[in-house]
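For reference, the structure discussed in these notes is given below.
Numbers for residues simply follow the sequence, beginning at 1. Values in this document were obtained by computation on a predicted structure and should not be read as measured data.
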Amino acid sequence: IDVSNQSDEDLTAITLHPKAESDPTQIVLPSPIAAGQSATVTMTTPGNTCVFDLILTFASTRTVTQPDRDLCQTDAIIVE
């Protein structure tokens with residue numbers, strides 16, 4: 001999936017929290033996605049799960065949640 005970091009700080013991790021599950025999966029990026037840059041990230045989703053709350057973690061440890069993202073219906077995540 002393409003991740004476009006349109007924020008003003010580096011993105012360091014993405015956590016997938018399935019709507020129907022209690023165990024989130026954290027994807028630690030091999031290297032931060034710099035502010036204003038994009039990268040392709042490989043994500044393995046559990047089973048047939050499509051809808052997640054995405055928790056985006058930045059270099060400052062600030063987090064932003066994008067709720068109810070259907071990763072089966074999109075090929076990009078835009079971070080603002």
Side-chain angles (χ1 to χ4, degrees):
I1 194 161
D2 291 324
V3 179
S4 176
N5 184 4
Q6 298 178 4
S7 74
D8 59 356
E9 59 183 305
D10 295 353
L11 180 67
T12 57
I14 301 171
T15 302
L16 305 177
H17 194 265
K19 295 303 284 187
E21 305 279 332
S22 60
D23 295 326
T25 300
Q26 185 174 42
I27 299 167
V28 176
L29 303 172
S31 60
I33 301 173
Q37 300 296 311
S38 296
T40 300
V41 177
T42 301
M43 297 182 186
T44 303
T45 59
N48 295 327
T49 304
C50 288
V51 179
F52 297 87
D53 288 341
L54 300 183
I55 303 166
L56 309 167
T57 304
F58 296 91
S60 67
T61 70
R62 177 178 74 95
T63 61
V64 171
T65 301
Q66 292 185 355
D68 302 318
R69 292 297 307 269
D70 187 340
L71 297 182
C72 296
Q73 299 296 319
T74 188
D75 57 0
I77 296 171
I78 297 174
V79 180
E80 297 181 291

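A donor-acceptor distance shorter than 3.5 angstrom exists from the side chain of Asn5 to the backbone of Glu9, with no hydrogens or angles considered.
Closest non-hydrogen pair, Asp10 versus Ala34, comes out as OD1-CA, 3.2 Å. Of all heavy-atom pairs spanning Val79 and Gln66, the tightest one is CA-NE2, 4.2 Å. Summarising the geometry of Val64 relative to Phe58, their closest heavy-atom pair is CG2-CE1, 3.7 Å, with the distance given to 0.1 Å. Closest heavy-atom contact between Ile1 and Ala76: CG1-N, 3.7 Å. Across every non-hydrogen atom of Ala35 and Ser7, the tightest pair is CB-O, 3.4 Å.
Separation of atoms CG (Leu56) and CD1 (Ile14) is listed at 6.0 Å; rounding is to 0.5 Å.
Hydrophobic clustering (side-chain heavy atoms under 4.5 Å, transitive across Ile, Leu, Val, Met, Phe, Trp, Tyr) keeps Val51 apart from Ile55. Under a hydrophobic-cluster definition in which Ile, Leu, Val, Met, Phe, Trp and Tyr are linked whenever side-chain heavy atoms come within less than 4.5 Å, directly or via other members, Ile78 and Leu71 are assigned to different clusters.
For the pair Asp53 and Asp68, the minimum side-chain heavy-atom distance is below 4.5 Å. Counting heavy atoms from C-beta on, the side chains of Val3 and Leu29 never come closer than 4.5 Å. Within the 4.5 Å cutoff, the side chain of Leu54 has no heavy atoms near those of the Thr15 side chain.
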